[in-house]
K.L.:
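Okay, here's the structure, questions in a sec.
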Amino acid sequence: MSSLPAYAELHCISNFSFLRGASHAEELVARAVRLGYAALAITDECSFAGSVRAHLAARGAPLRLIHGIELRLACGMKLVLLAQNRAGYGNLATLATLGRRREAKGAYRLTRNDLAGWDGSGVPDCLALWIPTAVADAADARWLAEHFAGRAWIAFERHLRPDDAERLARLRELAAATRLPL
């Protein structure tokens, strides 16, 4: 099978994201290696559960494993946060724990203030990918750019739907208007 040059999947959920992810983390790592991915980010929803198993599966593999989490904030904003290093991993673990402690088992609650809580600079040592809803809000983009200065992007996820080209065009306009890279 041919490999994709320097490709990294930055938003991949495992079966630990209940009723959303289908594959075991080990299977995701094995597939990424077979496809020749440069890196794979396991980003389960407010959890590192899949990341732990992926770490074990990736030992010795020619694949850089990135640890991250997916979050839907109380305001509806959806983000993927990726740890840049060990300190970033710790900060994400702290954030996930905070969100999980606020709600009953299986749920979490986080706000923009929780992410900005580190002296207003966003979550240190982490990158932010914003996954806009169908009606992307420029105010969300500006908030993200302010709190994750130089560490935030608008993410376009191609789902092979008929409106992909139209969504991409809207996000390109939003990126140009807000100076948040796509």
K.L.:
So that I can tick it off, tell me whether D164 and R167 are bridged by a salt bridge, with the cut-off set at under 4.0 angstrom between side-chain N and carboxylate O.
P.N.:
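Yes, charged N to carboxylate O under 4.0 Å.
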K.L.:
Charged N to carboxylate O under 4.0 angstrom, R102 versus D114?
P.N.:
yes
K.L.:
Please verify the inter-ring angle class for H55 with H67; under 30° counts as parallel, over 60° as perpendicular, anything in between as tilted.
P.N.:
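Ring orientation of H55 relative to H67: tilted.
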K.L.:
Can you tell me if Y89 uses its side chain to pair, donor with acceptor, with the backbone of Q84 under 3.5 Å?
P.N.:
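A pair under 3.5 Å: no.
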K.L.:
For residues Y108 and R72, determine if any side-chain heavy atom of one lies less than 4.5 Å from a side-chain heavy atom of the other.
P.N.:
yes
K.L.:
Counting only heavy atoms not in R53 (residues, nucleotides, ligands), do more than 12 fall under 6.0 Å from its CZ?
P.N.:
no
K.L.:
Looking at G88, is its backbone amide N or carbonyl O close enough to the side chain of N85 to form a donor-acceptor pair, meaning the two atoms are under 3.5 Å apart?
P.N.:
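Flag set: sc N85 to bb G88 pair under 3.5 Å.
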K.L.:
Would you say L40 ends up clustered with L10 if hydrophobic residues are merged whenever their side chains have heavy atoms under 4.5 Å apart, either directly or through other cluster members?
P.N.:
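No, L10 does not connect to L40 through the hydrophobic network.
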K.L.:
Taking W143's backbone N and O only, do any of them form a donor-acceptor pair with H147's side chain (distance below 3.5 Å, no angle check)?
P.N.:
yes
K.L.:
Could you check whether any side-chain heavy atom of D140 comes within less than 4.5 Å of a side-chain heavy atom of W130, counting everything from C-beta outward?
P.N.:
yes
K.L.:
What distance separates L95 CG from I69 CD1, expressed to the nearest 0.5 Å?
P.N.:
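It comes to 5.0 Å.
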K.L.:
Does I13 offer a backbone N or O that forms a donor-acceptor pair with the side chain of D44 under 3.5 Å?
P.N.:
no
K.L.:
Under 4.0 Å between a side-chain nitrogen and a carboxylate oxygen: does that hold for R142 and E146?
P.N.:
no
K.L.:
Under 3.5 Å, side chain of R100 to main-chain N/O of C46, donor-acceptor pair present?
P.N.:
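Pair found, side chain donor or acceptor close to backbone of C46.
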K.L.:
Is any side-chain heavy atom of L79 closer than 4.5 Å to a side-chain heavy atom of L115?
P.N.:
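Contact flag for L79/L115 side chains = yes.
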K.L.:
So which atom in A54 and which in L65 form the shortest heavy-atom distance, rounded to 0.1 Å?
P.N.:
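Smallest interatomic distance, heavy atoms only, reads C-CD2, 3.5 Å.
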K.L.:
Taking the side chain as C-beta and beyond, is there a heavy-atom pair between I154 and P181 under 4.5 Å?
P.N.:
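Sidechains of P181 and I154: no contact.
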K.L.:
Please check if atom CZ in R109 has more than 12 non-hydrogen atoms from other residues, nucleotides or ligands closer than 6.0 Å.
P.N.:
no
K.L.:
Taking T43 for the side chain and C12 for the main chain, is one N or O donor matched with an acceptor at less than 3.5 Å?
P.N.:
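Answer holds: yes.
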K.L.:
Is a donor on one side and an acceptor on the other found under 3.5 Å between the side chain of R31 and the backbone of E26?
P.N.:
no
